[in-house]
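Atom set for the values below is all heavy atoms of this structure, side chains included, hydrogens, waters and symmetry mates excluded.
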Amino acid sequence: MLYSKLPNTGTTIFTTMTQMAQQFGAINLAQGFPEFSPAGDLLDLVYKHLLLGNNQYTPMAGHYPLREAISSKISRLYGQEYDPETEITITAGATQALFTAIGTIVQEGDEVIVFEPAYDSYTPAIKLNGGTPVYIQLLAPDFNIDWEKVKRAITARTKLIILNSPHNPTGSVLSPEDLVTLAKIVSGTRIYLLSDEAYEHIIFDGLKHCSLAGNAQLRSRSFVVASLGKTYHATGWRMGYIVAPKAEMTEFRKIHQFTVFNSNAPIQFALAEFLNREYEYQNLPDFYQAKRDLFCNLLKDSSFKFTPASGSFFQSMDFSALTDLSDKAFVEWLVKEVGVAAIPYSAFYHQKTELQYVRFCFAKSDETLYRAAEKLHIVMNK
């Protein structure tokens, strides 16, 4: 009999809810994928490189011109220089980058600070590498970090702190003051930082993304992960990257080469040409803020309680005024009886939570958002 390394882990909630949405013909606002296509010019570039024969392995670290383009982007946006030869690696999506980075850093007996609600891939990766998650709850309803709790949680075994901004599922973002406080906490320690910044360009209300890649005090201990799939409406391409100091990236690549070796070649070639078109990602905040505002306005008179997300393409809503149902029971009722699929917040916690929150994805066409709101009138009118 095969011994399970993750005995308490089942199928991810995102797969489960998407399957339920398909089964019951519901509108899928659960799984986080855009409903629109990548830019036509980008698709043309992919097609061009397919025909040019750029279909074989790239270097293990990724197509060098793409790494150069990423280095230039980080320099422009965050004022820090990363060497494309030794400090940038192209990955098969952000999740692979996160998994490999955790495998690079965490060893048997290490403790890793995880902020909950947390994206569901963090804890399994920690446990598979012999680490122990140390959970700190974000403070509802704004879901900010209680830095005093972080200070108290640090021990001699603390090896890593995982951060996520813009945050999935809450939509909260780190502030400049957060990074100052974080820098003070880790100063003089050997703690590494892993920053999940998959939604770095999707941030609202005039806020600026505070990347650990742009912080001179933190970058020397930070692995920073980004998602090209999220940026260019192409999550199925599984295209991401990670940046880290040379010595740490050397260790990362030792594991990366034996997991995926390299990512999709023609798409890397296409993105190398496309990435320097700054307007393509500079327009994202306005584009997605309009989606957020539409969705929130459609539900503003409902019994849902919410604060508009500051970033990401997710909107969280408190349904406690509607029912005493658990969040899992509520989303099952939504998908079966109302025809809209959402994600329960309990999927982002390691143990039972009393929070009655669900997460909706608003990266959809206006028509889809209107149809979803129309179906939600059952909830809205209660």
Q | Minimal non-hydrogen separation, Val335 against Ala26, with atom names | A | CG2-CB, 3.5 Å
Q: Could you tell me which non-hydrogen atom of Ala69 sits nearest to which non-hydrogen atom of Ala272, and how far apart they are?
A: CB-O, 4.1 Å
(Q) Can a donor-acceptor pair be found, under 3.5 Å and without considering hydrogens, that links the side chain of Asp110 to the backbone of Gly131? (A) no
Q: Indicate the atoms forming the closest heavy-atom contact of Pro169 with Ser316, along with that distance.
A: O-OG, 3.0 Å
Q) Checking Gln268 side chain against Gly62 main chain: does a donor-acceptor pair fall under 3.5 Å? A) no
Q. Could you walk me through whether Arg219 and Glu87 pass the salt bridge (Lys or Arg N to Asp or Glu O under 4.0 Å) check?
A. CA-CA 11 Å; Arg219 62 155 289 173; Glu87 296 183 316; 3.6 Å; yes
**Q.** N-O pairing of Glu200 and Lys73 below 4.0 Å
**A.** yes
Q.
I want to check a possible cation-pi pair here: Lys246 against Tyr82, using under 6.0 Å from ring centre and within 45° of the ring axis as the test.
A. no
Q | NE2-CD1 distance between His256 and Ile90, expressed to the nearest 0.5 angstrom | A | 8.5 Å
Q | Check: Asn276/Ser72 side-chain N/O donor and acceptor closer than 3.5 Å | A | no
Q) Is a side-chain donor-acceptor pair under 3.5 Å present for Asp178 with Ser175? A) yes
Q: Step through it carefully: locate the ring centre of Phe143, locate the ring centre of Tyr357, and say whether they are under 6.0 Å apart.
A: yes
(Q) Tell me the closest heavy-atom pair linking Val243 and Ala213, and the distance in Å. (A) CG2-CB, 4.4 Å
Q: Return yes if some donor-acceptor pair links the side-chain N/O of Asn55 with the main-chain N/O of Leu50 below 3.5 Å, else return no.
A: yes
Q) Near Gln217 CD, under 6.0 Å, is it more than 12 heavy atoms from other residues, nucleotides or ligands? A) no
**Q.** Residue pair Phe330, Gln356: steps toward the side-chain contact (heavy atoms from CB on, under 4.5 Å) verdict
**A.** CA-CA 9 Å; Phe330 183 67; Gln356 289 179 286; over 6 Å; no
Q) So, does Lys305 use its side chain to make a donor-acceptor pair with the main chain of Ser320 at under 3.5 Å? A) no
Q. Hey, are Ser365 and Thr368 close enough side-chain-wise for a donor-acceptor pair under 3.5 Å?
A. yes
(Q) Set out, in order, the CA-CA distance, both residues' side-chain angles and the distance that settles salt bridge (Lys or Arg N to Asp or Glu O under 4.0 Å) for Glu374 and Arg371, then state yes or no. (A) CA-CA 5 Å; Glu374 184 178 4; Arg371 286 195 299 115; over 6 Å; no
**Q.** Main-chain N/O of Leu174 paired to Ser165 side chain as donor or acceptor, under 3.5 Å
**A.** yes
Q. Do His233 and Phe287 have ring centres separated by under 6.0 Å?
A. yes
Q) Would Asp205 and Arg292 pass as an ion pair if we require N to O under 4.0 Å? A) yes
(Q) Please find the pair of heavy atoms, one from Arg253 and one from Arg67, that lie closest to each other, and give the distance. (A) NH2-NH1, 3.9 Å
Q) Sub-3.5 Å donor-acceptor pair from the side chain of Arg221 to the main-chain atoms of Val186, do we have one? A) yes
**Q.** Under 3.5 Å: donor-acceptor pair, side chain of Arg359, backbone of Pro344
**A.** no
Q.
Under 3.5 Å, is there a donor on one side chain and an acceptor on the other for Asn262 and Thr58?
A. yes
Q) Where the side chain of Ser75 meets the backbone of Ser71, is there a donor-acceptor pair that is under 3.5 Å apart? A) no
Q) CZ of Arg277: more than 12 outside heavy atoms within 6.0 angstrom? A) yes
Q.
I'd like to know if the side chain of Glu197 reaches the main chain of Leu212, judged simply by a donor and an acceptor atom lying under 3.5 Å from each other, with no hydrogens or angles considered.
A. yes
Q: Would you indicate whether Tyr57, at its atom OH, is surrounded by more than 12 heavy atoms from other residues, nucleotides or ligands within a distance under 6.0 Å?
A: no
**Q.** Phe313 and Tyr199 aromatic centres sub-6.0 Å
**A.** yes
Q. Can you check whether Thr91's main-chain N or O pairs, donor with acceptor, with Ser263's side chain at less than 3.5 Å?
A. yes
**Q.** Side-chain H-bond candidate by donor/acceptor type, Glu248 with Tyr192, under 3.5 Å
**A.** yes
Q: Please report the shortest heavy-atom distance between Ile343 and Ala347, naming the atom on each side.
A: CG2-CB, 4.5 Å
